[in-house]
Visitor: 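Would you mind keeping the following structure in view while I ask a few things?
All ligand and atom numbering here is 1-based and tracks the order in the structure. This is a predicted model, so every value here is computed, not measured.
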Amino acid sequence: MTSPQRRWWHVARDTGLLDPDGAVRRTVFAEVSDLAARTGAINLGQGFPDVDGPEHVVQVAVEAIRAGRNQYPPGDGVPELREAVAAHAADRYGMRVSPQDVLVTVGATEAIAATLLALVGPGEEVLAPEPYYDSYAAATALAGARLVPVPLVRREGGFRLDVDALAAATTDRTRVLLLNTPHNPTGAVLDEHELAAVARLARDRDLVVVTDEVYEHLTFDDARHVPIATLPGMAGRTVTISSAGKTLSFTGWKVGWVIGPPPLVDAIRTVKQFLTYSGGAPFQLAVAAALTDPDGRTAHFLTELRTSLRRRRELLCEGLTAVGFDAVRPQGTYFVVADAAPLGVADGAELCRAMPTTVGVAAVPVSAFCRDGGPGQQALASWVRFTFVKREDVLHDALGRLEGLHRG
Ligand SMILES: *Cc1c(COP(=O)(O)O)cnc(C)c1O
């Protein structure tokens with residue numbers, strides 16, 4: 001039985017989970033992960049580290065639990081974390097942020113959902129570069145609004161934003177430009193020209209920019225992460241979202257936050273307080289200590305993490321290229337997207353459903369990050385996403401197994 005008037009049905013439809021006969025299928029992420037578990041395949045599909053974050057941060061969480069910080073934290077987040085997030089944004093990026101401009105959330109995922117539920121509604125549109133993180137389409141559908149994808153384009157050196165296409169897709173119904181930099185899945189880091197052009201568009205068309213920056217610390221070589229909120233005239237119209245999960249390698253802690261001007265944060269708080277109210281009290285304190293970083297141990301951890309991720313990126317990119325993929329070297333995040341077309345593969349989803357069994361490696365198709373049945377999905381049909389946030393020996397093992405694609 002279908003019920004097209006219900007929000008869940010729109011969520012299923014807009015995330016590509018609705019079969020033509022009206023049945024709802026599972027996400028390809030769940031499918032591939034289950035298959036990997038059943039077959040004992042190496043899972044390079046799901047993006048979580050196989051090594052935990054820093055011990056000194058664990059210690060703070062343990063101490064907080066022992067010290068009895070186990071009841072509801074304030075709805076806005078513990079004051080220590082709001083102060084730490086504000087100070088981090090000021091020190092690292094020169095943002096003028098007060099703790100009152102910070103709202104702590106249950107991961108970036110809740111921040112994204114609360115922000116879209118607060119800022120858009122039926123008849124309105126959210127523009128997002130495609131491919132996009134899967135929760136964007138779901139949260140937009142929950143809000144009753146429409147996500148309009150604008151394809152990233154393959155250029156020399158990686159995927160880039162086509163700002164003219166973004167401008168052309170803007171209508172009277174557009175309310176939000178939903179950015180993600182560093183970008184999952186392509187690994188693109190928006191450069192100053194792209195950011196300036198997006199900022200100009202937002203100012204000209206009076207749009208709110210919502211920017212998902214959960215990989216803000218994970219950039220390589222000379223790629224530099226710049227929050228669009230720091231561009232002229234943007235602080236008042238930008239919601240900056242981040243999270244401790246990717247930065248500290250604690251994806252299960254689900255401590256995220258929103259930074260924005262009072263009218264926007266007030267609207268988001270109104271929704272957020274009825275989603276979870278609050279969560280993760282001892283983890284909030286641990287993340288606050290990590291961001292404050294009085295002795296530089298977090299900075300040291302991050303330097304080491306970036307160095308090791310850069311090495312693992314090279315390993316995976318070179319390995320995938322040797323196997324025959326057209327792999328794009330990412331400027332940030334811990335993902336590589338690679339075209340399987342040179343291997344004679346037209347359908348990346350089919351390849352991902354087969355690989356755990358045929359070669360013992362799991363990955364996810366980039367088509368899962370695209371509007372179902374849209375032109376972007378067609379253009380990226382043969383592309384696959386691999387993560388390199390796994391130990392080097394695991395990556396070596398996986399690449400050895402992928403050699404089997406040649407013979408297969
Ligand atoms: C992992 C991820 C998130 C979710 O962050 P949580 O803090 O785990 O909720 C959001 N956006 C992108 C692009 C991600 O890769």
Visitor: Does this structure show an ion pair linking Asp397 with Arg401, if we count only N-O contacts that are shorter than 4.0 Å?
Guide: yes
Visitor: Tell me whether the centres of the aromatic rings in His56 and Phe301 are closer together than 6.0 Å.
Guide: no
Visitor: Should the proximity of His183 to ligand 1, defined as any heavy atom under 4.0 Å, be assigned to the side chain, the backbone, both, or neither?
Guide: neither
Visitor: Starting from atom 1 (C) of ligand 1, find the nearest protein heavy-atom neighbour and note its residue, name and distance.
Guide: Lys246 NZ, 1.4 Å
Visitor: So which heavy atom in the protein is nearest atom 13 (C) of ligand 1, and how far is it from that ligand atom?
Guide: Asp212 OD2, 3.4 Å
Visitor: Among all protein heavy atoms, pick the one closest to atom 9 (O) of ligand 1 and tell me residue, atom and distance.
Guide: Thr109 OG1, 2.6 Å
Visitor: Before signing off on this row, confirm whether Asn184 and ligand 1 have an N or O atom pair separated by under 3.5 Å.
Guide: yes
Visitor: Is it true that Phe283 and Phe250 have ring centroids separated by less than 6.0 Å?
Guide: no
Visitor: Side chain or backbone of Val255 under 4.0 Å from ligand 1, or both, or neither, by non-hydrogen atoms?
Guide: neither
Visitor: Under 4.0 Å from any heavy atom of Asn180, which atoms of ligand 1 are there?
Guide: 13 (C)
Visitor: So is Ala108 touching ligand 1 or not, going by heavy atoms under 4.0 Å?
Guide: yes
Visitor: Looking at Asp221 and Arg313, is any side-chain nitrogen of the basic one under 4.0 Å from a carboxylate oxygen of the acidic one?
Guide: yes
Visitor: Just verifying a value: how many Å separate Asp164 CG and Leu161 CG, rounded to the nearest 0.5 Å?
Guide: 10.0 Å
Visitor: How far is atom 15 (O) of ligand 1 from its nearest protein heavy atom, and which residue and atom name does that atom have?
Guide: Tyr215 OH, 2.6 Å
Visitor: Look at Arg26 together with Glu31 and state whether they make a salt bridge at an N to O cut-off of under 4.0 Å.
Guide: no
Visitor: Would Lys390 and Phe48 count as a cation-pi pair here, with the cationic atom under 6.0 angstrom from the ring centre and within 45° of the axis?
Guide: yes
Visitor: Can you tell me which residue and heavy atom of the protein come closest to atom 7 (O) of ligand 1, and the distance to 0.1 Å?
Guide: Ser243 OG, 2.6 Å
Visitor: Quick test: of every protein heavy atom, which one is nearest to atom 8 (O) of ligand 1, and how far off is it to 0.1 Å?
Guide: Lys254 NZ, 3.3 Å
Visitor: Are Trp383 and Phe369 close enough that their ring centres sit under 6.0 Å apart?
Guide: no
